[in-house]
Every structure is written in C-alpha cells, then in structure tokens.
Amino acid sequence: MILQKPVAIVGGGPVGMVLALLLDRLGVETVVFNTEQTTNRRPRGSTHNSRTMEHYRMLGLSSKIRQLGLPLCHPRDVLYLTRLNGYELARISMGSERERQQAAATAGETDQIVEPLLRANQMYLERFLFEQVGMRRGVTLRFGWQVNGLEQSADCVTLRAESDDGHAEQWAAGYVIGCDGGQSFVRRTLGISYSGETAQRSAFMTGRMISAHVRVQGLYASALRGREAWLYNILNPKLRMLLFSLDGKADFLMMMNAAADTSLPENAQLTEYLRVAIGVNVPVTIVGQQIWNGGVALVANSFGRGRIFLAGDSAHLFSPTGGLGMNTGIDDAANLAWKLAASVQGWGGENLLRTYEIERRPVAVRNTVAARSLTHRLGDIGIPNELDDSTEEGVAARINLGGLLQKFTGQFSAPGIELGARYDGSPIILSHDPPPSDDPVNYNPSSVPGGRLPHLWMGPPNPGRCSIFDRLGRGFTLIRIGDIAPSAAAFQAASRTLRMPMEVINLSKVPAFDLYQRRLILVRPDQHIAWRGDAVPDDLQGLLSAVAGCERISKSPSWFDGDSKSVCT
Ligand SMILES: Cc1cc2nc3c(=O)[nH]c(=O)nc-3n(C[C@H](O)[C@H](O)[C@H](O)COP(=O)(O)OP(=O)(O)OC[C@H]3O[C@@H](n4cnc5c(N)ncnc54)[C@H](O)[C@@H]3O)c2cc1C
C-alpha cells in the first residue's frame, strides 16, 4: 500500500517541525520522518532571534516558548573572565527575559522589536515543538523512521522509509522537503553539493570543536556567586572555553577546541578542563558530548530540484557564532510554507516554488558569511601571557582586552541581520525603488517591496497589545493607509477571480503613513511586502498573478509605483 500526503518532510529537527506547524496553520497536511524516535537531547543553539520569534508568534507559540530554558529573571548577560572564580574582563549587559518583555510591551508605536531575541536551548525548544506537532491532526509523525529512498516524477515524489524495528513503508507526496541536517540524504540524493568556506583560520571556534552537556552542582552558590550570566566566555593563556547556562541551576553547555584526532576526549579529561576553567574543585558530571566543525560557511549550490526542496542545515551550514544557523533555517521554512500551500491549494503559479531558491539562497550566503566573520573576530583575539597574573602587567593586559571585548557586541544581537533579509530582484517582488542599504547591525524599516513589513503596534502600550503582524491574513493582506486610500474592492474582486486568499486592513493613523509611505501595501503570507502604491494599477489581475508566481514579470510598468509617488506628497 502507498500512503499519501500533499507534503512530506524528511527530518524532525527544529526546521522540519516548524515547517510542519506553518503548513498545518495554512491547512496543508504533512508527514514528518525523523531517524530518531525522540527529539535531539543534546544542547546546541540557544539563540532564537527576533525574526524567528515573530514566526513563533505567527504560530501562536511565542509566549510559551519564552518560558523554556532559563528562569525569566536570570540575566542574559555575556561575561568575559579569566576563570569563573578569576578576573572579570568585560560584561555585556543584555537584561533578563522579563526585562526584555517589559521593554517590548511599553515600546513606541513604530518600534521594530515586536518579539525580542530569546535565549533558550534548542533541546528544550525541540521537545516543546514535538509536543506541538503531536497535537496537530494535520501532522502525521514518523519518528524512529529513516527515509532511504526518493524518486520523483512529473506529478509526485515517492519515498521509502524504514522504522527502527525493520518495518518499511512507501509514501507518495506532492512535494518533499529535506530538513534532514548537514549530512542530508535528500541533498545527496539530488546530487547537490555545498560550496563556500571550510578552512580553519582562527585559533578558536574553527576546525574541530567539542560541545558537552555538563552538570555542575552548586556553581551559582560558589564560583558564580553574584555573577549570573547566560554566557561565560573564559579566556586565559592555558585555555579558552564557552560555558552557556542552560537552566539557571546546574546544567551548562560547554564548548572548546577539540584535539586534532578523531576520538572524543575521555570524560575525565573534560572534567579536568572544566576544573581549570572554573578555578575551584566542584563535582562535575559529563552528561554527553559531541564533535562538530566550527568556522564553516557552506551553502547548497541549489535549494531543490523539481518537487523536492532543501531547508535548514541541509541547505546551509553555519559557524555557530552569531546564532544564525537554525534561525536562517526557520526563515527558510516561513518562505517555503506559503508557497507550498499556494501550490497545493491551486492558487500558486508554476513559477512560485522556483522563487524559493531565488529568494533564500542569497540570504543564506549573506548570513553564513556574516557568521564566519564573527567567528574570526572572536577567534583572532590574542590572549596575553600575563592576563591572569596579579601583577601590574596583568592589570594592564586585562584593562586592554576588556576594552576590546566590551565593543564586541555584534555576535549577540544584530537586528540588521535578523530582520533585514530582503528578496530584491525576485520575480514575485514588484518594485523599481532602490532598497535600503544592508546594514548588519541596524535594521532600517522600509516599505520598498522585498523586505519584512515594518512593524506597527495597534494599541496603547500594555503587555497584551496587538501587533500588525497579528492582524495579517493567512494569504495576502492589502493594507490601506489613510482616509483617501483607494478602495480595496478591486483587489478583493481580482483575488477572488484568482482564488487567492486576501484580507484587508484599514489604518488611519499618522505613524502608519510615516512608516509605510504609500496608501496601499500588499503583504505576502510570510510578512514580506510584495508591492506598494498609491493607486489601483490598471492591470490588477496581472499584478496579483505575478506576485503569486503565475507568470513571468511582463514589461508593463503599470504595476510599479514609480510615477505615482506624487499622489501622496
Ligand atoms: C554547538 C552548536 C551551537 C549552535 N548554536 C546555534 C544558535 O545559537 N542559533 C542557531 O540558530 N543555530 C545554532 N546552531 C545551529 C543549529 O543547531 C542548526 O542550524 C539546526 O539544528 C538545524 O536544524 P535542522 O532542523 O535544519 O537540522 P537538524 O537539527 O540537524 O535536524 C535534522 C533531523 O533530520 C533527521 N534525519 C536526517 N536524515 C534523515 C533521514 N534520512 N530520514 C529521516 N530523518 C532524517 C535527523 O535525525 C535530525 O533529527 C548551533 C549548532 C551547534 C552544533
């Protein structure tokens, strides 16, 4: 018997599970295969950036996800020290989760951080997502099943999967998405390779690295008394180590360079390294450890073929500095989900899914390069021999290095990278206007089509207030700004003809016009702007067909708003 689903997802990591949830929200059934029976139990990334948090918000899950990991009042600071009980070199204050939530709740109407960045380890997130996908009737789970065969025809893809206990199944799906990580079976089956950088260049965080989940009882009460932080960055002439707080109690993620051979170090050796880093003799348990390669910036040469697509680590591999790997994967899922839904539901054109690679591959290149350059900045820091000495030279070395480290904030928050991904040049983005400059640090909100819809709060400051993102529809949304904005009737009629879901939002306030600069803004289901203008274009059906990928961009300039700017001045 061949089982069937519109979409099959290979890989139940964070990207695969978020994609399944996004598709479920859009009414598309999926089956998710994952080799292991449970989610990943080893700690990896902890950073969920503002854009990822917006995607969780779209799923109605951001508040619950904010409860995961560290206690709400635990500081998310980054502390540089010579040892945990040694000299403090620098502290980058990042507040607690509670403080960030309060700041977002009371921010001004056009403040762009609707969902502040969150630190909560991926292993907690994956467990939570697994519960969520398990509750969705539209998601069929095959955890403990490995996909080992894949063939596509013009109409569908056939998959073979085998369970832990030797059962085999055959599935047919309209589309298959490989969210199966860096060793992706799907990518290799398609014959797609990565290109980019793998060379080891810096002394730290490149080449072979160890990550270990360690349990150190009583650390907060001993070496860390009064020094609570999210990340302890330990630098001294003997050792460099990162220690991330996982639960604010006894669990930490430890990262350091691995020896050049292939075997994992003995637990006793890791314990010894930890004791050097802590500076006092406390009981240490090594819960688990893994080896990975730091410093890479690799992007798949293609993001799919025919009916099969790649997302997450199968499409790009990052150096973890900057915490961009999973976040870029989740943004892939947001770009792909609505295009799959539109294709399955019949309103997406034949070119729509092709724009996934056109739009996402440049973002993957941009983000992998940014992460690698952050890795080099961190790895290239020189450690003076006298850094941990109680001499005058030691004091001077600490002041010098501390001053340098205090300025090194880009790896912990970079709103420009997080919120500034743009799809300029995509055939389904209709604009002739120059995009804002791509600044990795500062996010420049802009209504020039291609970027994320600039954010607007819809009510007075309070913790439960509504964001414009909460009002956007599951399909396209037309935002009308001001009393003299053209009627939405023509858009609604044309979208009905094309069976394209469309909602309308009317905004009358001054900040909205200042922010959006036009009377009409057409927003895609992934919250990126597809088109803007001040008047209803003559060929409205052509415009909507183009943004839904139904046709190639024609030469007609009537969709572009270049000449209509005078209407609003
Ligand atoms: C030490 C470290 C720190 C990191 N820090 C951050 C951070 O702070 N922020 C961030 O954004 N990213 C971070 N990352 C990167 C992040 O962990 C990955 O980018 C993320 O896990 C990728 O998710 P994914 O779902 O694409 O793939 P994965 O998490 O690798 O999941 C792939 C899944 O596919 C399954 N699978 C594989 N083959 C098959 C098959 N044939 N059939 C069925 N199932 C299959 C696997 O079992 C696995 O569960 C870090 C990574 C490391 C190693």
Side-chain angles (χ1 to χ4, degrees), residues 8-20 31-49 51-53 69 117-123 125-126 129-130 141-150 159-164 169 171 176-189 205 208-213 230-231 242 244 253-256 258 289-296 298 300 310-333 364 367-368 371 374-375 411-413 417-418:
I9 298 172
V10 184
V15 175
M17 287 192 282
V18 167
L19 179 60
V31 53
V32 184
F33 299 92
N34 192 60
T35 308
E36 293 83 22
Q37 286 189 2
T38 57
T39 55
N40 170 44
R41 290 180 186 276
R42 283 184 294 235
R44 288 192 282 172
S46 296
T47 300
H48 308 259
N49 71 29
R51 188 66 186 135
T52 297
M53 292 307 301
L117 172 151
L118 171 78
R119 310 280 187 203
N121 201 272
Q122 214 178 310
M123 67 178 178
L125 172 87
E126 289 183 41
L129 292 177
F130 187 58
L141 293 181
R142 286 288 185 270
F143 273 57
W145 287 76
Q146 181 159 33
V147 172
N148 56 18
L150 204 56
L159 297 97
R160 278 187 310 281
E162 200 174 309
S163 69
D164 287 349
E169 279 183 354
W171 286 78
V176 168
I177 319 303
C179 301
D180 49 346
Q183 300 301 317
S184 173
F185 166 78
V186 176
R187 182 174 53 75
R188 285 181 287 120
T189 304
M205 293 296 277
R208 280 166 48 81
M209 298 288 302
I210 296 176
S211 281
H213 181 182
W230 159 64
L231 167 58
L242 303 178
F244 297 83
L253 167 63
M254 184 207 99
M255 283 188 206
M256 62 183 296
Q289 49 167 311
Q290 60 181 320
I291 294 274
W292 50 279
N293 270 324
V296 301
L298 294 173
L310 306 174
D313 275 17
S314 69
H316 37 67
L317 274 182
F318 280 71
S319 196
T321 321
L324 290 168
M326 179 191 71
N327 287 295
T328 305
I330 288 177
D331 215 22
D332 293 342
N367 291 5
T368 47
L374 288 169
T375 299
Q411 63 163 316
F412 305 115
S413 168
I417 293 265
E418 296 169 25

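First listed ligand is number 1; within each ligand, the first listed atom is number 1.
- Nearest heavy-atom pair, M17 versus G12, reported as atom, atom and distance to 0.1 Å: CE-O, 3.3 Å.
- Under the salt bridge (charged side-chain N to carboxylate O under 4.0 Å, His left out) criterion, E162 pairs with no residue, sequence neighbours left out.
- Proximity of M255 to ligand 1 is established by a heavy-atom distance of less than 4.0 Å.
- Residue V10 places a heavy atom less than 4.0 Å from ligand 1.
- Within the set F143, W292, W145, F185, the minimum heavy-atom distance to atom 53 (C) of ligand 1 is found for W292.
- For T38, the side chain to side chain donor-acceptor pair (under 3.5 Å) criterion is met by no residue, not counting sequence neighbours.
- Side-chain contact, S211 with R44: no donor N or O sits under 3.5 Å from an acceptor N or O.
- For F318, the closest heavy-atom approach to ligand 1 does not fall below 4.0 Å.
- For ligand 1, the atoms sitting less than 4.0 Å from at least one non-hydrogen atom of P320 are 3 (C), 4 (C), 5 (N), numbered in the order shown with element in parentheses.
- Closest protein heavy atom to atom 23 (O) of ligand 1: P14 CG, 3.5 Å.
- Of the N or O atoms in D313, one or more lie within a sub-3.5 Å distance of an N or O in ligand 1.
- Residue Q183 does not touch ligand 1, judged by heavy-atom distances below 4.0 Å.
- For E126, no nitrogen or oxygen atom sits less than 3.5 Å from a nitrogen or oxygen atom of ligand 1, counting backbone and side chain alike.
- Below 3.5 Å of separation, one finds an N or O of G323 facing an N or O of ligand 1.
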